[in-house]
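Right, one structure below, let's go through it.
Counting from 1, the numbers follow the sequence of the chain as shown. Note: hydrogens, waters and symmetry copies are ignored here, and every other heavy atom, side chains too, is used.
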Amino acid sequence: MNEKTFRVIEILPLQQGVSQRGEWRNQQIVVEEKIALPRPDRFLLRFNGEHVDKLAGIKVGDEIQAKWTNTVRFFEKDGRKFYSQECNVWSMENVSSF
């Protein structure tokens, strides 16, 4: 489990649809660590299912405290190996606005 305080940089559009397992939805936000560096670390946080509702009222510039788990995905294409890391948020609260 990871927990940090971030500033919201961008809120990406809601994605939703229907699969064989039923309806699904997810939304992602781009955040950066609240530290004074020339290039602070940025993360793409993903909210799935009912966790998307946690984004209600969040706007660009807000300070949030998020808890998430990391998942590394692997796939092969044309003989090449690819990895991606997903940060799936399971708890978040709006701390204050900048």
Side-chain angles (χ1 to χ4, degrees):
M1 177 189 81
N2 298 292
E3 179 178 359
K4 288 189 180 180
T5 300
F6 298 105
R7 184 174 64 125
V8 178
I9 302 300
E10 185 176 355
I11 301 172
L12 302 176
L14 174 68
Q15 299 174 334
Q16 56 189 358
V18 179
S19 70
Q20 292 177 339
R21 292 188 280 171
E23 293 184 26
W24 61 270
R25 62 187 180 141
N26 71 49
Q27 191 165 10
Q28 299 178 38
I29 61 173
V30 179
V31 296
E32 69 181 9
E33 282 192 77
K34 190 185 168 195
I35 52 177
L37 292 175
R39 291 189 175 150
D41 287 337
R42 290 193 173 178
F43 295 89
L44 183 65
L45 300 181
R46 178 185 302 235
F47 296 77
N48 295 311
E50 71 276 356
H51 297 294
V52 170
D53 298 335
K54 292 177 178 22
L55 291 173
I58 298 294
K59 57 189 180 302
V60 172
D62 282 354
E63 183 179 326
I64 63 167
Q65 186 170 15
K67 296 177 183 176
W68 74 93
T69 55
N70 292 333
T71 304
V72 176
R73 305 271 183 208
F74 163 79
F75 64 95
E76 278 191 62
K77 184 176 179 182
D78 299 328
R80 295 176 57 196
K81 295 181 181 181
F82 296 90
Y83 296 90
S84 68
Q85 180 176 357
E86 295 179 357
C87 300
N88 295 305
V89 177
W90 54 271
S91 176
M92 185 206 63
E93 66 180 81
N94 191 347
V95 180
S96 67
S97 297
F98 276 74

Legend entry - Minimum heavy-atom distance T5-E63, with the two atoms named: CG2-OE2, 3.2 Å
Legend entry - Same cluster (ILVMFWY, side-chain, under 4.5 Å), W24 and L14: no
Legend entry - From CG (N94) to CD (Q65), nearest 0.5 Å: 11.0 Å
Inset, instruction - Looking only at non-hydrogen atoms, find the nearest pair between I11 and I58 and report the distance. - result: CD1-O, 3.4 Å
Legend entry - I29 and I64, any side-chain heavy atoms less than 4.5 Å apart: yes
Legend entry - Side-chain donor/acceptor of E10 to backbone N/O of V60, under 3.5 Å: no
Legend entry - Gap between atom NE2 of H51 and atom CH2 of W90 - 0.5 Å precision: 9.0 Å
Inset, instruction - Kindly give the heavy-atom pair with the smallest separation between L45 and A66, and that separation in Å. - result: CD1-CB, 4.1 Å
Legend entry - Non-neighbouring partners of E32 that pass salt bridge (Lys or Arg N to Asp or Glu O under 4.0 Å), sequence neighbours left out: R7, R42
Would you give me the side-chain donor-acceptor pairs under 3.5 Å for residues 75-88, sequence neighbours excluded?
unit_1: Q85; atom_1: NE2; unit_2: N70; atom_2: OD1; d: 3.4
unit_1: N88; atom_1: OD1; unit_2: N48; atom_2: ND2; d: 3.3

Legend entry - Residue list, salt bridge (Lys or Arg N to Asp or Glu O under 4.0 Å) with R21, at least two apart or on another chain: none
Inset, instruction - Mind listing the closest non-hydrogen atom pair of F47 and M92 along with its distance? - result: CZ-SD, 3.8 Å
Inset, instruction - State, to 0.1 Å, how close V8 and V31 come at their nearest heavy-atom pair, and which atoms those are. - result: CA-CG1, 4.1 Å
Inset, instruction - Please name the pair of heavy atoms, one in W68 and one in V89, separated by the smallest distance, quoted to 0.1 Å. - result: CB-CA, 3.8 Å
Inset, instruction - Could you check if a side-chain atom of R25 sits within less than 4.5 angstrom of a side-chain atom of D53, using non-hydrogen atoms only? - result: yes
